[in-house]
Structure formats: structure tokens, C-alpha cells
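To keep things clear, I will list the structure first and then write my remarks on it.
These numbers come from the heavy atoms of this one structure, side chains and all, not from hydrogens, waters or symmetry mates. The chains referred to below are lettered A, B, ... by the order of the sequence lines, with proteins before strands, and numbering in each begins at 1.
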Amino acid sequence: MPLRIYNTLTQGKQEFKPMKEGHVGMYVCGITAYDLCHIGHARSAIVFDTVYRYLRAKGYDVTFVKNFTDIDDKIITRANKEGLTAGQVSEKYIEEYYKDMGKLGLRKPAHEPRATMYINDIVGLVKRLIEKGHAYESNGDVYYAVRSFEGYGKLSGKDIGELEAGARVEPGEAKKDPLDFALWKKSKPGEPSWESPWGKGRPGWHIECSAMSTHYLGDSFDIHGGGMDLIFPHHENEIAQSEGATGKQFVTYWLHNGFIQTNKEKMSKSLGNFFTIREILERFEPQALRLFVLMHHYRNPVDFSDLSLKEAEKALYRGYASLRLVQSLPAEGKPPLSPDKLGAFAQKLSEYETCFYNAMDDDFNTAGALSGLFDLLRLINTYFKDATARPEEDAVQRLGGFVRAAADILGVFDSDPRSFLSSRREKRLAGLGLSKAGIEERLARRSLLRKDRAFKEADEIRAGLLREGISIMDTPGGTVWDIAEE
RNA sequence: GGCGGCAUAGCCAAGUGGUAAGGCAGCGGUCUGCAAAACCGUUAUCUCCGGUUCAAAUCCGGAUGCCGCCUCCA
């Protein structure tokens, strides 16, 4: 089945056809480095990481570029507040970005360019736009003449006439038209600046992405992504800049992820209703956050809450418990599955595998894909809970292959099940202030009581452990315990 | 005001023409000394009104509610 992608530009799903057979050029707008990342940034990062992973899984050679904006008003403001230089601020928050995002299992893009390292490209592009009559210099600033670009508004569905009413002019700006936007800003005293034909200044926000994407991917490339809010004006302006300069179509497919909300409101700095990735990862597994994101379609808004993250975490643990069953094959003391049953298992496996890939091919429908994966996890429990099979068995091999492939695409369920579960258990145990030896001592006592059929006392021990956050299970192979889910 | 999106079970959430995936929770059952876990079963006329169609959650028109963008924002 061919991959179909929803394209903001055409407002519909289209079959994906890269410009160059087998190769994909993909650019995603990264962060402006002036503060810690919140989970909205995490969603965007996870979504496009998954897109990247899936394209690679489809066999494409993907050149993935994701930028950092390291010069901008907000950075300068922050620098003044903290008594640092703009460079120090962006450097600091890029480091923090890596600390937080590094835990989310993001595949490293081929290039992660920073705006200030591409000033030459930017100046060159601005010069070209002036030459082509799309931009003009005005008192040390350079503006893009929006009305000179015929297709302006085609991405965001906006009409120039209607935009005019809302356009603003900052004090001190010398635009010929209120719609025009800055390509190059003359620097004020004390601000970071670079030499240019128009005097000392710094790039406007939109121009950097045009310059850096073209630097690595050429005048035209396949995929450009970012958050919904970047559609206008950021991406609209990028199109005007790049297509104005080259006369060629800039990007074929525009992808935009929906927002994280809390209480049905957009999560944002200005509303103060945001959670940083850091805060969330103190309380939840990184893979639970990933799963939470992937359980929703990337274009829909998602309401964030502790409850929904807890649900994702439970599903994650349950899944790993199933995978641990497979990992333990062949399991001693369990009867082998008959060839018939293995055959039935393999058939179901194929069904779920198809479901998974069909969903992914349909505009990266990870929520649909996960339903196939969860079906499979249940199937594993059904067949392997009380039976075993040799790992070299064909069905088991295929199972392993599919689980690895799916985990590689989604970035969840890709840890070693046994060590994932035990390390999580130890972490939580420490949090509860309990020791393994203490628990096992109490369980040993309980076992003796049970042997004597002193169930009342045995049950008291069990109830006591549960109050402290430990649940236990009596199995034929003995009593096992685990952290009780809330 | 302009543009766009969303409304599916107790909660979360896929599904864009052929009578509703999955997750979490609940209930009944199997298992268990009792539990737990796991499995099986069960829980929805898809916001409302009209239209097109043999057939609509799915297409069209309208209503209501919610949200986003139009200003920095993933």
C-alpha cells in the first residue's frame, strides 16, 4: 500500500512521491532556544521523529534537517534579564533541549543547523530577493514586499485583502506596506549583530529557515513540518521567500502537528498552563509520554492530563509484560504449543501486521497502528501464557521480527523487556522506601502461613504490602510481586 | 469579522460510503484457599435537524457547542 500524507497546502491526503526516487528531503522547524521545552515541543519532536523513522522503514534514504533558532527577540530579552549574551542563552537552552529530548528516543537528524552559523546564506538570499524586486532596504532594515509575491496566502488560505486589516507596524519600522515582514533587522546598540550590505544587523525569523533548508536540501524538497501555529505567518513567509528567490516550488508536502492542550486550551507560555518535559519525566516513563503522543492522531488537538499519561504508562507496562513472555521462550515447565496453534498464531500475527502498516501508510495513523500492536500483545498472552515454543520456530521468529520493526518505528517497546520492567521496579521501590529483601522476607513468612492454611494471617501480610504499594501474585511457580498501579 | 479544525461508549481515542479498532476503567465468567495477573464475554442507533444513496459516523445543507490561526508561539 502506498503512503498517503495529508498536505496542508492542498488540504487533503495525497500519495507520497518524493522528487528523487528513493530519497526524501525533510525539514522540520525546531525550537527557539530561550527557555526549557514543554510537552508541546515534545509532541512535535516525537511526531516528526516518527515520520522520519517510518520513512526510513519504508526504505527511503531520508535527509532530515531540524534547525535551532539561536537569534531572536525573545533570546535577546532573556539574555538582558539574565545578564548573559544572546549566544550564551541560546547555547544554554540548546543544551537543556538535548538533556530533555535525549530521553525521548529521538533519532538524530542528519543536520541541526543554527541560524547564526548561516548568516552568509541568509545575506545572500536577502540580496537575491532585493535583486528580484521582492524586497527592499529601508533605513538599515530589509523587508519582504508581500504584495510582490503572487501566491502569498496559498498555504494558510489567507487573502491579502483581509490580512491587511490585522497587520501591525511596530514603532520605528519603515515598511512600505503593513503586510511586509522583516528579512533583516538593523541592530540596536548592544544587540548582537553581523555585517551586511545594509549595515550591522541580524536576520528576521523566517529567513533563516529558507536559507538553511535550501543549504542542505536544495531549492525544492519533499517535506516540511512544524506545529500548526507555524502555518501562518512563518511557513507562509518561507514560501514567499524561497519561491520568490528561486521561482521554483519550495516544498511538496507541508505537515503540521496539532497542539497539546490543557482543559481544552492551547498550552502556551503566555497562558502559563504548560508543563515542561523535565517535570513530566520526573513522574513518568519517557516511553509513556511517547506512547501518549502516538495514541492520538498527530493532527488532532490533544488534551493533556496526569490521568491520560497514567493510562499510557499502564498500557506500556502491560505491553512489556507480554513481551517478557516472548523473551522467556522456551519457558520451562510449560507444554509446547501445537503446530496447529502456532499456525493460528502466525495467521493472526499477519493480520495485525497488516493492520499496523496500513494505518501507518494512512497519513502516519499511529493510533490505528497501535491498535494492531495491542491486539498482538493480547494474542501473545493468549498463546504463550501457559504454553511455550522454541525461539527458532518460524512463528516466533516472525513475531520477533515484527515487534522489533514496530518498536523501531514507534520508539516504544524497544527496550529489553526484562530489564525495562526490573529497572522500573527498582526505581519505584526506592520511591516507596521499601527494600527487596524486606518484601521477600514477608513473602516467605506468608508462604509458610499459607502452607499451614493460616489464610487470615497470610492475607493480612498481603493487605499490608498492598497498602505500601506492592501487589502480589500467587503463581504455580511461587509468589511474585510487583509495584501496584495506582 | 476572515480562514481552518473538532463533536464517536464512564473517560481517552482510531475509523471519511457497506451496519463501529484500540487504551483506561466497570460488570459477569475461567483460574485461585481468597485475591492478583492473564484470558473469555459484556458495555455506543457515532451532538442535533434535514438531504443525497440500495447503503452514511463517514458525502451535502443547516443548527448548536468547543477549539486553533489571523500578533511571538511546536
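What separates CZ of A:F292 from P of B:C24 is a distance of 15 Å, to the nearest Å. Atom NZ in A:K13 sits roughly 9 Å away from atom C1' in B:G15 (whole-Å rounding). A:N300 has its CG atom 13 Å from the P atom of B:C12, to the nearest Å. The distance between atom CG of A:D35 and atom P of B:C72, rounded to the nearest whole Å, is 18 Å. B:G5 atom C1' lies 11 Å from atom CD of A:Q261, rounded to whole Å. Rounded to a whole Å, the CG atom of A:N257 is 16 Å from the C1' atom of B:G4. In this entry the distance linking NZ of A:K385 with P of B:C40 reads 12 Å, nearest Å. A:R446 has its CZ atom 11 Å from the P atom of B:G33, to the nearest Å.
Residue A:R378 places no side-chain atom within donor-acceptor reach of the base of B:C39, judged by atom type and a 3.5 Å distance cut-off alone. In this model, no side-chain donor or acceptor of A:D303 finds a partner on the base of B:C12 within 3.5 Å. Side-chain atoms of A:R43 stay outside donor-acceptor range of the base of B:A74, with no qualifying N/O pair under 3.5 Å. You'll find a donor-acceptor pair under 3.5 Å spanning the side chain of A:S371 and the base of B:A21, going by distance alone. Side-chain atoms of A:R450 come within donor-acceptor range of the base of B:G33, with a qualifying N/O pair under 3.5 Å.
A gap of 15 Å separates the C1' atoms of B:G23 and B:U43, to the nearest Å. Taking atom C1' in both B:C27 and B:A63, the straight-line distance is 38 Å, to the nearest Å. A distance of about 16 Å separates the C1' atoms of B:U52 and B:G18, rounded to the whole Å. Across B:C39 and B:C6, the matching P atoms stand 34 Å from one another, rounded to whole Å. Using atom C1' as the reference point in both B:U64 and B:U53, the two lie 27 Å apart (nearest Å). When the C1' atom is compared between B:U19 and B:C69, the two are found 38 Å apart, to the nearest whole Å.
A:Y357 and A:Y352 have their aromatic ring centers separated by at least 6.0 angstrom.
In this model, the phosphate group of B:G4 is not approached by any side-chain N or O of A:K158 to a distance below 4.0 Å at OP1 or OP2. The side chain of A:K266 places an N or O atom within less than 4.0 Å of a non-bridging phosphate oxygen (OP1 or OP2) of B:C69. At B:C39, one or more side-chain N or O atoms of A:R318 fall inside 4.0 Å of OP1 or OP2 (strictly under the cut-off). Taking side-chain N and O atoms only, A:N381 has no distance below 4.0 Å to OP1 or OP2 of B:A37.
The aromatic rings of A:Y52 and A:F64 lie tilted to each other, with the angle between the two planes from 30° to 60°. Between A:H111 and A:Y216, the angle of the ring planes stays under 30°, which puts this pair in the parallel group of the 30/60° scheme.
Put simply, A:F374 does not rest on the base of B:G22: the two rings are not both less than 5.5 Å apart at their centres and under 30° in tilt.
Along RNA chain B, the nucleotide nearest to A:L379 and the one nearest to A:G258 differ in position, and the one closer to the 5' end is contacted by A:L379.
Donor-acceptor pairing under 3.5 Å is lacking for the side chains of A:N365 and A:Y298. Between the side chains of A:N257 and A:S44, at least one donor-acceptor pair of N or O atoms lies under 3.5 Å.
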- request: Step by step, work out the side-chain hydrogen bond (donor to acceptor under 3.5 Å, both in side chains) result for A:Y97 and A:E112.
  value: CA-CA 12 Å; A:Y97 169 95; A:E112 297 177 282; 4.9 Å; no

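Using a 4.0 Å heavy-atom cutoff across all strands shown, A:I472 reaches at least one base atom of the nucleic acid. At a threshold of 4.0 angstrom between heavy atoms, the contacts of A:S156 are confined to the sugar-phosphate backbone, with no base atom among them.
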